[in-house]
Asks: 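The structure's right below; bear with me while I get my questions together.
Letters go in sequence order (proteins before strands), and every chain restarts at 1.
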Amino acid sequence: MVATALVIGIGNPYRRDDGVGGAVVARLRGDPAAAHVDAVEEPGDGTRLMSLWRSRDLVVIVDAAVSGAPPGTVHRVEHAEGAAVAGASPVSSHGIGVGAAIALAEVLGALPRRMVIFAVEAADLDTGLGLSPRVEHAVACVTHAVLAEVRRPSDQPPLGT
Amino acid sequence: MTHSATRTIDGTPIGRVEGEGRLRIELHAGAVASVELRIFEPPRFFEALLRGRAYTEPPDITARICGICPVAYQMSACAAIEDACGMTVGGGLAELRRLLYCGEWLESHALHVYMLHAPDFLGYDGAVAMARDHRSDVERGLRLKRLGNRIMEVVGGRAIHPVNVRVGGFYRLPTAGELGELVHELRWALGAAMATVEWVSGFRAPAFEGDWDLIALAEPGAYPSLGRSVQASSGRLDIDAADFLAHVHERHVAHSTALHSSWAGGEYLVGALARYAISHAALPPQAAMAARDAGLGEMCRNPFQSIVVRSVEMMVACEEAMRIIDGYEAPRTPSVQVAPRAGVGHGVSEAPRGLLYHRYELAADGTIASATIVPPTSQNQAAIEHDLRRFAAENSGLDDATLATRCEQLVRCYDPCISCATHFLDVQVLRR
């Protein structure tokens, strides 16, 4: 069985470190080891995210966050704890952000079977292109971690067993 | 409430509006002394950065002003530049533009009605809490929004900041098959939008009536989205887009980084209430019926009932989209050639939040010499403050916390899009 995993890089590449999600998606696209991985970039509209992760077995979200940790720190959370970290992200610009979308999906029973969030501590969310050095450095590490999540065998038995 | 001579109360931040600002209400001995919607959103200088760019660029650059209503920026930009170049884009291409707009109205209105506004009437602090008790309603709202986004993807190439719009038309035409695939969901959506009208018309709206004039586009025989004729509900204004700036005046105010607009020396309101007041007779059949059943009459001046009008407009979007797809014949080319020339052009269209005006001055080679953009929320700011002043005065007997909450709720009625950068509004009540 092919696991229906989806990687979503969230953020705005024109707001410096907010582009970290997109940078990880770009790296996955250029990596032959990730040829099978379904990965998209999204600006972070919550209702749109909910429609993307419907009926997925696994969703891996990569987003920028500000929690006070040193820049470049990578937080990994599964969805049960996810709302708090995603809610700390300052990067959702509209009425329903990532944290609210997770909370809403939870209420509506519309979460994927498993959701893993990688939140990379941002240093610079000003306007402009390019990641700050520590966040740039974290991109390779997050990409590896994302691949490991996607490769992790599903706990659902394959069809026919 | 407390009757002490001087009181300062900070309200709690509220979400569910677009942009960063603070509402400051000052009461002296129970009477409203001042109301300021303080916008400290940094100005983004879009008009300045358009100067020196090519005439083909504004649809993509200005779409970035808003993640909720990028189509509006693209449509007004295209109309203004085509006007400057002496062109009008009509026929099938104009119909596709209308269809794209239907998608934006649907996604924007569904978001506002269900996620941002309905919780106020049902006593929840947001959509998540509301979803626990009103799951099927919230699911209906999300599905309506999803369809709006899907229409934007099919016609605009992308749901947020569409990439398929260009001066003169589109880069690529959707196929009849792609459009046809939308019809099944549109049929469901029309019924769902009607159910929305019934749902929200049962909400209890506080008694309050705005005394402003209402300004919107008017199109002969159609509920307006594109066009050139700007009218006031009072009948005192009926102008072409080219004369907009001669009638509407923008001014800086000290407490806001957004400009305030006035017309004939007073406040006016743009948006769903304005469109409905001017063009209710042009509602498509089912929307007209639902509006009548909801008791809307010929005009609605209560901002708290704007949720009903927005829901009726979701039906308009569905009926219009089905009409356009039903009659769709692919234009011969995705766009028409628009040759640059020296001149000035004006474009208007109806963003979900109201009339959006663009003006461009072009050099002979199409380089932009100047740009002016008047968005709906800046036009509405003065009217919002005016209403808050009256509303706070009528409700000054409420305790501070309740008054702050009521005023926050009133602000949300106008669906303000202060900007796309941040997402909270502080309310501050000062009593002296």
Asks: Check B:Glu107 with A:Arg48, please: is the shortest side-chain N to carboxylate O separation under 4.0 Å?
Replies: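 Looking at B:Glu107 together with A:Arg48, the answer is no, because their closest N to O distance does not fall below 4.0 Å.
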
Asks: To the nearest 0.5 Å, what is the distance between OG on A:Ser51 and NZ on B:Lys145?
Replies: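 One gets 8.0 Å once the value is rounded to the nearest 0.5 Å.
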
Asks: Could you pull out all residues at least two apart from B:Phe304 that satisfy ring pair (Phe, Tyr, Trp, His ring centres under 6.0 Å)?
Replies: B:Phe391

Asks: Heavy-atom distance under 4.5 Å to chain A: side chain of B:Ala159, backbone, both or neither?
Replies: side chain

Asks: Measure distances from B:Arg135 to the heavy atoms of chain A and classify the residue's part below 4.5 Å as side chain, backbone, both or neither.
Replies: both

Asks: So with a 6.0 Å cut-off around OH of A:Tyr14, is the heavy-atom count from everything else above 12?
Replies: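 No, not enclosed.
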
Asks: Looking at every heavy atom in both A:Leu104 and B:Ala127, which two are closest together, and how far apart are they?
Replies: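 Shortest heavy-atom separation between A:Leu104 and B:Ala127 comes out as CD1-O, 3.8 Å.
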
Asks: Just to verify, what does A:Ala33 make a side-chain contact (heavy atoms from CB on, under 4.5 Å) with, not counting sequence neighbours?
Replies: A:Asp31, A:Arg151

Asks: Within a radius of less than 6.0 Å around CZ of B:Arg158, do more than 12 heavy atoms belonging to other residues, nucleotides or ligands occur?
Replies: yes

Asks: In terms of heavy-atom contacts, does NE2 of A:His36 have more than 12 from other residues, nucleotides or ligands at under 6.0 Å?
Replies: yes

Asks: Who among B:Met130, B:Arg146, B:Arg132, B:Glu139 has the most heavy-atom pairs with chain A under 4.5 Å?
Replies: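 Top option by heavy-atom pairs under 4.5 Å: B:Arg146.
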
Asks: A:Leu108 versus B:Leu142: any side-chain heavy-atom pair under 4.5 Å?
Replies: yes

